[in-house]
Amino acid sequence: MKIIGIETSCDETAAAVVEDGSQILSNIVSSQVKIHAEHGGVVPELAARHHVEAINFIVFQALKKAGLDFQDLDAVAVTVGPGLPGALVVGLAAAQTIGTVLEIPVVGINHLEGHLYANFLTPEFSAKTFFPAMALIVSGGHTSLVLCRRHGRYQILGATRDDAVGEAFDKVARFLGLGYPGGPVIEKVSAGVKTDLKFPAPDAGNYDFSYSGLKTAVINWVRQKRPAPEVIPEIAAAFQKAAIEALVNKTLKALRDKKINNLVLAGGVAANKMLRETFQAKSQNLNFNLFLPPRELCTDNAAMIAAAAYYRYKFVKKFLPLEVQPNLNL
Ligand code: KG4
Ligand code: ZN
């Protein structure tokens with residue numbers, strides 16, 4: 001079953017063709033990062049306009065790269081939420097058009113579910129041994145601990161009370177004058193940096209996260225101490241360490257409490273090397289299975305949307321309404 005995925009929820013215009021939920025035939029991502037970097041963050045109106053300009057070309061590229069024609073497609077997958085309304089509507093309109101003209105099903109996908117299914121795109125992945133799994137979904141908009149019982153069956157254990165972890169990376173990077181997006185640049189300047197500087201790992205009780213406190217701690221420290229520019233890598237490294245510590249502590253607690261042996265990471269922040277390496281070490285010491293998407297599939301892409309649609313179409317058989325749902329939950 002060949003599914004074309006379409007993703008336009010934020011600042012990436014993406015289309016991809018995936019076969020049977022596992023084999024990537026093409027994966028095209030057009031990033032608007034340069035456009036938004038000038039403004040220090042995503043400008044919704046600009047994002048929507050650039051999706052309109054890019055979407056047709058990106059869809060054609062995805063087909064061309066896969067060596068396919070429209071007639072070879074069996075279904076269309078599209079992100080219906082959460083995301084920016086004006087951005088989501090562009091992908092949805094494109095998907096509805098393809099579905100209507102070709103008379104093939106259009107499967108609406110939750111963006112967060114898509115992130116989860118990026119894990120299904122690794123060659124060694126086995127869907128048979130995946131469930132039950134604990135998922136840590138960490139992106140620009142979400143920090144969620146989710147117990148996944150089977151395809152489409154999710155129980156949210158904890159979420160962010162304020163800023164998401166990726167959002168905190170972005171805001172701290174902007175404050176430190178490091179640019180946008182913050183995650184990759186904080187990771188880069190922190191690499192190999194040793195420091196005694198310490199920020200407290202944020203704790204919102206139970207399985208919930210809070211990152212606005214950590215962001216404020218960094219900002220207050222800088223305002224009080226007025227450090228020299230050479231100290232910025234140390235500040236970035238101390239922030240990264242505290243941010244990751246909170247993710248690791250909560251996740252390990254959830255695995256213990258719920259007696260789950262499979263852990264899966266998902267979302268843009270899952271590309272972070274320190275986060276990946278910390279969980280890799282923990283999985284060996286504590287003897288649980290760790291699933292990590294390839295780094296390039298952690299950030300927004302359409303292959304993950306097509307993969308999620310395959311499993312939803314085949315196994316869940318319950319479909320999301322084909323309408324823009326900016327605040328959609330799992
Ligand atoms: O999943 P994603 O591409 O978009 C959303 O659904 O939000 O995640 C984007 C977020 C941004 O906040 C970005 O700073 C963060 O993921 N990110 C990272 C890294 N790469 C991207 N955070 C930490 N380390 C990274 N290497
Ligand atoms: Zn995302």
Side-chain angles (χ1 to χ4, degrees), residues 5-14 16 27 29-33 36-37 40-42 44 47 78-84 87-88 91 109-119 135-144 146 159-160 163-176 178-191 209 211-212 214-215 236-237 239-248 264-279 292-305 307-308 326-330:
I6 295 177
E7 154 64 44
T8 62
S9 67
C10 191
D11 60 346
E12 257 89 36
T13 317
N27 185 22
V29 181
S30 164
S31 173
Q32 305 176 359
V33 157
H36 300 292
V42 178
V78 62
T79 306
V80 293
L84 304 169
L88 287 164
I109 292 296
N110 182 315
H111 182 79
L112 300 175
E113 186 177 40
H115 274 302
L116 194 60
Y117 279 80
N119 283 278
L136 174 67
I137 305 180
V138 278
S139 68
H142 291 81
T143 317
S144 302
V146 182
T160 182
D163 291 355
V165 58
E167 189 179 355
F169 268 92
D170 294 336
K171 286 178 174 171
V172 167
R174 183 160 65 178
F175 177 74
L176 296 176
L178 295 171
Y180 173 85
V185 67
I186 285 188
E187 172 169 342
K188 198 167 153 213
V189 302
S190 305
F209 299 91
Y211 277 95
S212 126
L214 175 59
K215 171 197 70 187
F239 161 77
Q240 179 177 251
K241 190 156 176 271
I244 287 173
E245 207 173 293
L247 295 177
V248 173
V264 48
L265 301 194
V269 183
N272 185 279
K273 268 201 193 128
M274 190 183 186
L275 182 68
R276 295 167 80 91
E277 284 166 7
T278 308
F279 273 121
L292 291 172
R295 286 189 82 194
E296 67 279 9
L297 293 180
C298 287
T299 43
D300 289 350
N301 65 84
M304 67 186 197
I305 304 301
N327 301 314
L328 184 62
N329 258 322
L330 261 182

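All heavy atoms count here, side chains included; hydrogens, waters and symmetry mates do not. Given the structure is predicted, the values throughout are model-derived calculations rather than measurements. In what follows, residues are counted from 1 in the order of the sequence shown. Order of appearance sets the numbers: ligands from 1, and atoms from 1 within every ligand.
- In summary, the atoms of ligand 1 found under 4.0 Å from a heavy atom of P184, numbered by their order in the structure, are 19 (C), 20 (N), 21 (C), 25 (C).
- For F169, no nitrogen or oxygen atom sits less than 3.5 Å from a nitrogen or oxygen atom of ligand 1, counting backbone and side chain alike.
- Ranking the protein heavy atoms by distance from atom 7 (O) of ligand 1 puts G140 N, 2.8 Å first.
- Panel note: side chain T143, backbone V165; a donor-acceptor pair is recorded below 3.5 Å.
- For atom 2 (P) of ligand 1, the closest non-hydrogen atom on the protein side is D300 OD1, 3.3 Å.
- Counting only distance, with no hydrogens or angles, the side chain of H115 and the backbone of C298 share a donor-acceptor pair below 3.5 Å.
- Using modelled atom types, no side-chain atom of S139 and backbone atom of G267 make a donor-acceptor pair closer than 3.5 Å.
- Looking from atom 24 (N) of ligand 1 to the surrounding protein, the closest heavy atom is N272 ND2, 3.0 Å.
- Here the protein heavy atom with the shortest distance to atom 22 (N) of ligand 1 is G183 CA, 3.2 Å.
- The N/O atoms of G267, backbone and side chain alike, include none that comes under 3.5 Å of an N/O atom in ligand 1.
- For the ligand labelled ligand 1, residue G182 lies inside the 4.0 Å heavy-atom shell.
- Within the 3.5 Å criterion, the main-chain N or O of G81 finds no donor-acceptor partner in the side chain of S9.
- Panel note: side chain D300, backbone E7; no donor-acceptor pair is recorded below 3.5 Å.
- For atom 26 (N) of ligand 1, the nearest protein heavy atom (residue, atom name, distance) is E187 OE1, 2.6 Å.
- Under the side-chain hydrogen bond (donor to acceptor under 3.5 Å, both in side chains) criterion, R295 pairs with E187, not counting sequence neighbours.
- A centroid separation of less than 6.0 Å is found between the aromatic rings of F239 and F169.
- With atom 1 (O) of ligand 1 as the reference point, the heavy atom nearest to it among H111, E167, H115 is part of H115.
- Side-chain contact of N272 with Q240: a donor-acceptor pair under 3.5 Å is present, judged by distance alone.
- Interface atoms of ligand 1 facing G166, defined by a heavy-atom separation under 4.0 Å, are 12 (O).
- Scanning the protein for heavy atoms near atom 14 (O) of ligand 1, the closest one is D170 OD1, 2.7 Å.
- At least one donor-acceptor pair under 3.5 Å links the side chain of R276 to the backbone N or O of A270.
- Protein heavy atom at the shortest distance from atom 17 (N) of ligand 1 is G268 O, 3.6 Å.
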Show your working on side-chain contact (heavy atoms from CB on, under 4.5 Å) between F175 and D170 and close with a plain yes or no.
CA-CA 9 Å; F175 177 74; D170 294 336; over 6 Å; no
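- Ligand 1 places these atoms under 4.0 Å from at least one heavy atom of G141: 7 (O).
- Not a single heavy atom of K273 sits under 4.0 Å from any atom of ligand 1.
- Remark: minimum distance from atom 15 (C) of ligand 1 to any protein heavy atom is reached at V269 CG2, 3.9 Å.
- The N/O atoms of P181, backbone and side chain alike, include none that comes under 3.5 Å of an N/O atom in ligand 1.
- For the pair S144 (side chain) and V146 (backbone), a donor-acceptor distance under 3.5 Å is absent.
- Counting only protein atoms, the N, O or S atoms lying less than 2.8 Å from the Zn ion (ligand 2) are H111 NE2, H115 NE2, D300 OD1, ordered by chain and residue number.
- Ligand 1 has no N or O atom lying under 3.5 Å from any N or O atom of T299, backbone or side chain.
- Ligand 1 lies out of reach of E12, whose nearest heavy atom is not under 4.0 Å from it.
- The main-chain N or O of R174 is never found under 3.5 Å from a side-chain atom of Y180 such that the two would form a donor-acceptor pair.
- Side-chain contact, Q32 with S30: no donor N or O sits under 3.5 Å from an acceptor N or O.
- A donor-acceptor pair is defined here as one N or O able to donate and one able to accept, closer than 3.5 Å; no such pair exists between the side chain of N329 and the backbone of N327.
- When all heavy atoms of A302 and N27 are compared, the pair lying nearest together is N-OD1, 4.0 Å.
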